[in-house]
Amino acid sequence: MTCRCLPISSLVVSLCWMSRRFRNSRPSENPLKPRWKPCRQNETAFRKPLVRRRRNGEDTAPIMATVSDLGTQLDHQKVVFDEAAQALQAVLMSLPNIPDDTVPEGRDETGNVEVRRWGAPRDFDIAAQDHVSLGERGGLMDFDVAATMAQSRFVALKGELAQLQRALTQFMLDTHVNEHGYQEVYVPFLVNEEALKGTGQLPKFGDDLFRVDLERPLYLIPTAEVPVTNLYRDRILGMHDFPIKMVCHSPSFRSEAGSYGRDTRGMIRQHQFEKVELVQLVPPEESEAAHEALTRHAEAILQKLELPYRVMNLCGGDLGAASSKTYDLEVWLPGQNQYREISSCSNFKDFQARRLQARYRIETNAKPELVHTLNGSGLAVGRTLVAVLENFQDDQGQISVPDALRPYLGGKTRLLAH
RNA sequence: GGAGAGAUGGCUGAGUGGUCGAAAGCGCUCCCCUGCUAAGGGAGUAUACGUUAAGAGCGUAUCCAGGGUUCGAAUCCCUGUCUCUCCGCCA
């Protein structure tokens, strides 16, 4: 099995704890083995005589005493069982997913393996500008004003840049709906704790979430994955329901706690960004193929936009806790002279489904099985805007519009042409 | 935000402390009957989990959720959630 470097210490602690508490105890002491059955049976057995005596006006005290005692024992057994079950549940919920066999070894992003590469970075006669200097020209991309009304890591877009973002969004949605067969969905952008547990953001990774403090807290979604996947919470699907392929445009909100000093310039790392998300629910035997297909669907956007990119197979140490296997798509950014993540396509297998209780049956009376869930950005719109600006700039700081995007910009071929 | 009414099985809808996993109807499944037929009769029919070769049997849980009262809760009490009606407000 591939090693996950980060959580391994907690894994060891957890396993030792479980083993000590449950495995090594004798069967009769295993708190997870319910022992209230005899109590319950006796209790119900006493009930009818009790009622009969009461009806007949006979003395019920002796029976009552027995029944009462049994009830006390029963309660005690239940408490012991519930505590053990909850403790076990807490441990299980904190464990990360098991990496797929094809996940490479590695402790951080340097261990990721390039799977393929598409397109070639353009040669620039003079140094390429980054999106900030391109965008701030004419005041169409304004970080300062955003910071005055909110704080840093927010942006305001105007004019052609605001339109470009809308055009990109529309283009992505249309492509996934019309060419890749996804159903467009619209969902809440604030969700409760249960929804976040269902997709694995909680309990362990709440630091990166914006919380709205109500009597019952709500959280701004860090990705549409949360509400979209939760559409199938507690559902039992039939084979005729598959494949479930959904696409959703939404804003995403991330506190970016712990990323101080990283990507502080520009739109790469923002508290609020637009994203078009792909989500699939499939039977287990189809998830591997679905993962490849979903990744290709995200890649198709980059190809249509003529943006050079590479596909990375994340190593165990860089894998998200809920994911079993993840391909990152990294787009070429001339302004940074490097590839940067623009999409993350993951196969969660049954990890989320177990938390969501999203299941299916092969036949009407068959036992329900957990589905497999997958998702990927198709794409992160903000970063796509950055990529278009930086890759399609000319020496005047003007942007030529990729062919695929022109219908969405009223036929315009150039942006920022002042 | 104010006032009120609700939440029961696939659906409708009874049930105000024990014999209730829960009447009845509809729907559905199977069987039977029948030339007046867009009909009749009978039987069956909640779900999940565990156990199991098993869709058999048995066990456990579930009448919105969580707590409480009680020997015992669909039923009584508290809290929450959601739905509906009226008013207010609002995109």
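All values below were derived from every heavy atom in this structure, side-chain atoms included, with hydrogens, water molecules and symmetry-related copies excluded. Chain identifiers are assigned alphabetically (A, B, ...) following the order of the sequence lines, protein sequences preceding nucleic acid strands; residue numbering begins at 1 within each chain.
R361(A) has its CZ atom 12 Å from the P atom of G55(B), to the nearest Å. Taking atom CG on N192(A) and atom P on A65(B), their separation rounds to 17 Å, with Å as the unit. To the nearest angstrom, P of C64(B) lies 20 Å from CZ of R233(A). Rounded to an integer number of Å, the gap from E193(A) CD to A65(B) C1' is 15 Å. Between the CG atom of L218(A) and the P atom of U81(B) there is a distance of 11 Å, rounded to whole Å. If you take CD of Q357(A) and P of U62(B), they are 17 Å apart, rounded to a whole angstrom. Atom CG in D234(A) sits roughly 13 Å away from atom C1' in C64(B) (whole-Å rounding).
Between C11(B) and A46(B), the two C1' atoms lie 13 Å apart (nearest whole Å). With P as the reference atom, A14(B) and G2(B) are 30 Å apart, rounded to whole Å. Using atom P as the reference point in both C49(B) and G42(B), the two lie 36 Å apart (nearest Å). A gap of 15 Å separates the P atoms of G67(B) and A74(B), to the nearest Å. Here the separation of A7(B) from U12(B), taken at their C1' atoms, is 15 Å to the nearest Å. For U75(B) and C64(B), the P atoms lie 8 Å apart once the distance is rounded to whole Å. Annotation: A53(B) and G68(B) have their C1' atoms spaced 45 Å apart (nearest Å). Only the C1' atoms considered, G15(B) is 14 Å distant from G9(B), to the nearest whole Å.
The phosphate of G50(B) (OP1 or OP2) has a side-chain N or O of K367(A) nearer than 4.0 angstrom. Between R359(A) and the phosphate of C49(B), there is a side-chain N or O to OP1/OP2 separation shorter than 4.0 Å.
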Which pairs would a plain distance check flag for residues 165-174 of chain A, meaning a side-chain donor or acceptor within less than 3.5 Å of a matching protein atom at least two apart in sequence or in another chain?
unit_1: T169(A); atom_1: OG1; unit_2: Q165(A); atom_2: O; d: 2.8
unit_1: D174(A); atom_1: OD2; unit_2: Y408(A); atom_2: OH; d: 2.8

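Using modelled atom types and a 3.5 Å distance limit, the side chains of D328(A) and S344(A) yield a donor-acceptor pair.
E390(A) has no carboxylate O lying under 4.0 Å from a charged side-chain N of R340(A), or vice versa, which leaves the two without a salt bridge. Ion pairing of E256(A) with R153(A) is absent here, as no side-chain N (NZ or NE/NH1/NH2) approaches a carboxylate O to less than 4.0 Å.
Evaluation of the salt bridge (charged side-chain N to carboxylate O under 4.0 Å, His left out) rule for E136(A) yields no partner, not counting sequence neighbours. With sequence neighbours excluded, the residues satisfying side chain to side chain contact (heavy atoms under 4.5 Å, CB included) with Q129(A) are S133(A), L134(A), Q393(A). For H372(A), the ring-ring contact (aromatic ring centres under 6.0 Å, His included) criterion is met by no residue, not counting sequence neighbours. By the salt bridge (charged side-chain N to carboxylate O under 4.0 Å, His left out) test, D318(A) is found to be paired with no residue, residues two or more places apart in sequence or in another chain being considered.
Counting only heavy atoms from C-beta on, R216(A) has its side chain closest to G80(B) among G80(B), A48(B), G50(B).
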Quiz prompt | Base-pairing string, 5' to 3', of RNA chain B - Watson-Crick or wobble, under 3.5 Å, | interstrand | solution = ((((((((.[[[..)..(.....]]]((((((.......))))))((((((.....)))))).[[[[[..)....]]]]])))))))....
